[in-house]
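First up is the structure itself, then whatever we jot down about it.
Note: hydrogens, waters and symmetry copies are ignored here, and every other heavy atom, side chains too, is used.
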Amino acid sequence: QVQLVESGGGLVQPGGSLRLSCAASGFTLDNFIVGWFRQAPGKEREGVSSVRPRDGSTYYADSVKGRFSISRDRAKNTVFLQMDYLTPEDAGMYYCAIDYHDLAYGTGWSSVDLYDFWGQGTQVTVSS
């Protein structure tokens, strides 16, 4: 059974850190582009970061550059999103997704429509 399971969300104070995990089962995550997205209430889903295994490219939204870092653990078949210096604007449901067709890279890395399979999400709350 193909699954993507996000974990690691929770409540954190402004300035704090969280590490999100996106664990895959039923397929090898390293064969596909993996993206992290977030969605706050009343807002559209937006791309946060992605990684393209074919050439090792990584992408970040301008709002998270320098604070977030995406990485892969091939042995664990997992992609991580390290989030530091969190602000209330970072709050929302975080999803990981995969692009089966290797289309979501370059300027299109954050296009929701290019991702084929999504996890259920993990909630991030940033509040004092």
Side-chain angles (χ1 to χ4, degrees):
Q1 183 179 3
V2 175
Q3 274 191 315
L4 281 175
V5 179
E6 302 95 334
S7 62
L11 172 64
V12 64
Q13 292 185 344
S17 298
L18 286 173
R19 188 174 81 154
L20 305 184
S21 300
C22 172
S25 59
F27 66 100
T28 302
L29 200 58
D30 206 38
N31 292 337
F32 307 107
I33 292 173
V34 178
W36 280 100
F37 294 77
R38 67 187 179 191
Q39 188 166 20
K43 294 188 177 181
E44 292 187 353
R45 193 168 296 190
E46 63 173 355
V48 176
S49 181
S50 75
V51 57
R52 186 186 187 214
R54 177 171 293 190
D55 59 7
S57 297
T58 56
Y59 303 93
Y60 296 93
D62 288 343
S63 60
V64 307
K65 283 180 181 176
R67 300 187 298 120
F68 290 14
S69 178
I70 193 168
S71 62
R72 296 174 290 161
D73 186 322
R74 292 180 177 86
K76 295 182 178 179
N77 206 23
T78 299
V79 171
F80 300 100
L81 183 69
Q82 177 67 40
M83 307 189 298
D84 298 319
Y85 304 107
L86 286 160
T87 73
E89 288 70 36
D90 295 315
M93 185 70 78
Y94 280 69
Y95 302 90
C96 66
I98 57 172
D99 165 22
Y100 288 135
H101 303 99
D102 196 42
L103 297 174
Y105 64 94
T107 56
W109 73 269
S110 61
S111 296
V112 171
D113 293 343
L114 294 180
Y115 289 82
D116 305 292
F117 188 74
W118 295 77
Q120 294 301 306
T122 185
Q123 183 69 43
V124 171
T125 304
V126 184
S127 175
S128 54

Which atom names give the shortest non-hydrogen contact between [X] and [Y], and what distance separates them?
X	Y	answer
K43	Q39	O-NE2, 3.1 Å
W109	S50	CE3-OG, 3.6 Å
D62	K65	OD1-NZ, 3.1 Å
C96	E6	N-OE2, 2.8 Å
A24	L29	CB-CD1, 3.8 Å
R52	D55	NH1-OD2, 3.0 Å

Distance (rounded to the nearest 0.5 Å) between [X] [atom1] and [Y] [atom2]:
X	Y	atom1	atom2	result
I33	L114	CD1	CG	8.5 Å
L18	L86	CG	CG	5.5 Å
I70	C22	CD1	SG	8.5 Å
N31	D99	CG	CG	12.0 Å
M83	R19	CE	CZ	11.5 Å
E89	S63	CD	OG	9.5 Å

[X], [Y]: one ILVMFWY side-chain cluster at the under-4.5 Å cut-off?
X	Y	result
L20	Y60	yes
Y105	V64	no
V112	M93	yes
F80	V48	no
V51	L4	yes

Listing, residues 120-128 side-chain donor-acceptor contacts under 3.5 Å, not counting sequence neighbours, or none:
residue : atom : partner : partner atom : Å
T122    : OG1  : G9      : N            : 3.1
Q123    : NE2  : G92     : O            : 3.4

Original post:
Sub-3.5 Å donor-acceptor pair from the side chain of N77 to the main-chain atoms of R74, do we have one?
Top reply: no
Subject >> Under 3.5 Å: donor-acceptor pair, side chain of S21, backbone of A23 >> reply: no
Original post:
Is NZ or CZ of R45 both nearer than 6.0 Å to the six-membered ring centre of Y95 and within 45° of the ring axis?
Top reply: yes
Original post:
Is F27 atom CZ crowded by more than 12 heavy atoms from other residues, nucleotides or ligands, each under 6.0 Å away?
Top reply: yes
**OP:** Look at the rings of F37 and W118 and say which category their plane angle falls in: under 30° parallel, 30 to 60° tilted, over 60° perpendicular.
**Re:** tilted
Original post:
In terms of side-chain geometry, is the basic nitrogen of D84 or R67 positioned less than 4.0 Å from the acidic oxygen of its partner?
Top reply: no
Original post:
Listed by chain and number, what are the ring-ring contact (aromatic ring centres under 6.0 Å, His included) partners of Y94, not counting sequence neighbours?
Top reply: none
**OP:** List in chain and number order the residues that pass ring-ring contact (aromatic ring centres under 6.0 Å, His included) with Y85, two or more places apart in sequence or in another chain; answer none if no residue qualifies.
**Re:** none
**OP:** For the residue pair R72 and D30, establish whether any side-chain heavy-atom pair is separated by less than 4.5 Å.
**Re:** yes
**OP:** Run the ring-centre check on F32 versus Y100 and record whether the distance is less than 6.0 Å.
**Re:** yes
